[in-house]
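Below is one structure, written out as structure tokens, with a few remarks after it.
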Amino acid sequence: MVERFEVALNTPAGRLTTAIDVPTGFIPITAIVPVTLRLGEEAAQLEVQQAREAGLTISCKMGCAACCRMLVPLSAPEAFALREYVEQLPADRQTQLRQRISTTKDRLTREAVWDRLNDVAEASRPIPDEELDPINRVYYALRIPCPYLEDEMCSIYEARPAACRELLVTSPAELCQDLVQNPVTPLPVSMRIGSILGLVWGTLTDSPPRLIPLPMALEWAERHKEESRRTWPGSSLLDQVLDNMWRFLSQAFQKK
Ligand code: SF4
């Protein structure tokens, strides 16, 4: 059984209205991840539309994966949802993915980066940007392709994290070859969906919002799988997601 909710959100790029089906009864956090991602994508589409109306061109297109060498952070709910997604893939696909993740882990271990990423994923306090920036830079300098990248295309497109969905640029695509040296122009993001899911999870579990680096997301989710089995009323999870969205949107309006 599902319950339908009509959602209306005023974003800086226009009004988003949509219907959302949420299971009635108790559900795990992963059940709310797809609709939360969808709301983020619909908000991003309004930004895209506004940019096009202003005469701008979105440079991002299929086959361009320059940004898939950056360190992508996931919230805990996204890491659990990614694990569920991978576990329902055919066995040979899972093996391929896990082999690539293992190769990435070996490289990051040799470069003395893996343990630093693990410390971030398991931190019992919010990590300030000043601590994260050097780790992001070291990681990006290695130019390691995301383990989910195949032939310069995302092999988990429908399950990719919010951070991957939110980076769209209007600057020339060539500039994305070096995101540290070049000034790229990203589209504004009024709601950071990973942060919103992280805040919801932090409230539910009385823990700090986590940033889980994508290469270790499966391993982290496996280690914490007991936590992912907890359930809450579906409507209450949606309320918490929407509350946090409104908070982000009101900040976005204040910045305008
Ligand atoms: S998950 Fe997909 S979109 Fe995100 S960095 Fe990896 S390959 Fe790129």
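In listed order, ligands and their atoms are each counted from 1.
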For residues T18 and R38, report the shortest heavy-atom separation together with the two atoms involved.
-> OG1-NH1, 3.0 Å
Taking 4.0 angstrom as the limit and counting only heavy atoms of [X], give me the atoms of ligand 1 inside it, by number and element.
X: L149; value: 7 (S)
X: C164; value: 1 (S), 3 (S), 4 (Fe), 5 (S)
X: C154; value: 1 (S), 2 (Fe), 3 (S), 7 (S)
X: L214; value: 1 (S), 6 (Fe)

Validation row, ring centre Y139 to ring centre W114 under 6.0 Å = no
Kindly confirm or rule out a cation-pi arrangement of R143 over Y140, judged by NZ or CZ under 6.0 Å from the six-membered ring centre and within 45° of its axis?
-> yes
Considering only non-hydrogen protein atoms, determine which one is nearest to atom 8 (Fe) of ligand 1 and report residue, atom name and distance to 0.1 Å.
-> C68 SG, 2.3 Å
Identify whether the distance between the nearest side-chain nitrogen and carboxylate oxygen of E150 and R93 falls below 4.0 Å.
-> yes
In terms of the angle between their ring planes, are F80 and W220 parallel, tilted or perpendicular, with boundaries placed at 30° and 60°?
-> tilted
Assess C146: does it contribute an N, O or S atom lying under 2.8 Å from atom 2 (Fe) of ligand 1?
-> no
